[in-house]
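Counting starts at 1 for both ligands and their atoms, following the listed order. Small disclaimer: the values here were computed from a predicted structure and weren't measured.
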Amino acid sequence: MSNTNPISVAVTGAAGQICYNLLFRLASGETFGDRPVHLKLLDLDIPAVQQALEGVAMELADCGFPTLSAITCTGDANVAFDGISWAVLVGAKPRGPGMERKDLIRDNGPIFIGQGKAMERGAADVRALVVGNPCNTNALIAASNCSGVPNERFTAMTRLDQNRAVAQLAQKAGVTNAEISHVTIWGNHSATQYPDFENARINGRPATEVISDHAWLQTDFIKTVQQRGAAIIKARGKSSAASAASAAIDHIKSFESATPAGQWFSAAVVSDGSYGVPAGLISSFPVVSDGKGGYSIVQGLPISDFGRAKIDATVAELQQEREIVADLLG
Ligand code: NAX
């Protein structure tokens, strides 16, 4: 029987380019089925930004989606996060020219402290997806400033990286994306991430059997996935927006539904120490969802020495990031 009780979904950075591709798919029924959706759109409390946000809300209204029950536009996180079931945290400060990653991390920290606290006040039952970069560490900051909501409810997006890896393997093997499965992204959503081809399958067979060019797998494949964001900026003059929005929809749908038996998907979730990743870090793993709000990290995947070194490198970066924001963790 369909659920007629509206689900409230807050989306931050709602006047930005990812959200221009994301909001319509959250509202249309594609993500939450025929359940009515109340979209709560948060962006900066600046008149020009709020005016742009109103424009997006007008377009959402003009789609006439039967599933869109209400739209709230606001510059106040307390309004946006009150009573929500999902928070999609896209809004973040962009990396300025010459800015180092550690400056970006420090600059964004306060946003996620404030949003974590707003969720603590108004959204005890929330599940959060952090897209805004550096997304793993931003998720860690939000989670640790939101007591009352279990850390496990905070996830960060590596699904775009998974989707990019699937596409690369499919192109190399001359098959369709649908024939690729069991691709895992390990670690940080950054240039150190490890797209794991050793556990990937092509039509059920190990990818390393189907693709004989192992040198390509170990070098070009990994680098292409790691550097894809920069390649898109170079080609398009802007960062990936439609593909990022699509991956966010995939992420939410994967957590909202039960993962088919024997499959998994990639998401950055709080580590319980699995695969030697220090507990408490928000790191990408292979994950299965029970479709009822619970999920677990897939255990027992074989990791070669090559894979181990790659995972250790990306996890070391996450540990450094945690040290940079140590004073921001509540
Ligand atoms: P835009 O600059 O188009 O939009 C960002 C929006 O966030 C702006 O409207 C801005 O006003 C708003 N914003 C800034 N601070 C805010 C705050 N404190 N509260 C609410 N809103 C705030 O960027 P866009 O291309 O949409 O990208 C958004 C974020 O996604 C960036 O941090 C980007 O790096 C990150 N990405 C993450 C990806 C991932 O796979 N995890 C991939 C795509 C993307 O690079």
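- Of the N and O atoms on the side chains of Glu317 and Thr192, at least one donor lies less than 3.5 Å from an acceptor on the other residue.
- For ligand 1, the atoms sitting less than 4.0 Å from at least one non-hydrogen atom of Ser240 are 43 (C), numbered in the order shown with element in parentheses.
- Counting only N and O atoms by type, the side chains of Arg164 and Ser243 include no donor and acceptor under 3.5 Å apart.
- Under the 4.5 angstrom side-chain criterion for Ile, Leu, Val, Met, Phe, Trp and Tyr, the cluster partners of Leu44 are Ile46, Val49.
- Of all atoms in ligand 1, listed by their number and element, those nearer than 4.0 Å to a heavy atom of Gln115 are 19 (N).
- If you look at Val131 next to ligand 1, the close heavy atoms, those under 4.0 Å, come from the backbone and the side chain alike.
- When all heavy atoms are compared, the tightest approach of Thr31 to Ile252 is CG2-CG2, 3.7 Å.
- For atom 2 (O) of ligand 1, no protein heavy-atom neighbour is found at a distance under 4.0 Å.
- Listed by atom number, the atoms of ligand 1 under 4.0 Å from Ser239 heavy atoms are 25 (O).
- No side-chain donor-acceptor contact under 3.5 Å links Trp186 and Thr314.
- Every atom of ligand 1 is numbered from 1 in the order shown, and the set under 4.0 Å from a heavy atom of Cys135 is 41 (N).
- Under a 4.0 Å criterion applied to the non-hydrogen atoms of Gly16, ligand 1 contributes the atoms 3 (O), 4 (O), 9 (O).
- Scanning for salt bridge (Lys or Arg N to Asp or Glu O under 4.0 Å) contacts around Asp312 gives Arg308, with sequence neighbours left out.
- Defined by atom type and a distance below 3.5 Å, a donor-acceptor pair is missing between the side-chain atoms of Ser284 and His189.
- Heavy atoms of His189 come nearer than 4.0 angstrom to ligand 1 in at least one pair.
- Residue contacts with ligand 1 include Ala15, since one of its heavy atoms falls under 4.0 Å from the ligand.
- In Ile111, the part holding a heavy atom less than 4.0 Å from any atom of ligand 1 is the side chain.
- Closest to atom 16 (C) of ligand 1 by heavy atom, among Val90, Leu44, Asp107, Leu129, is Leu44.
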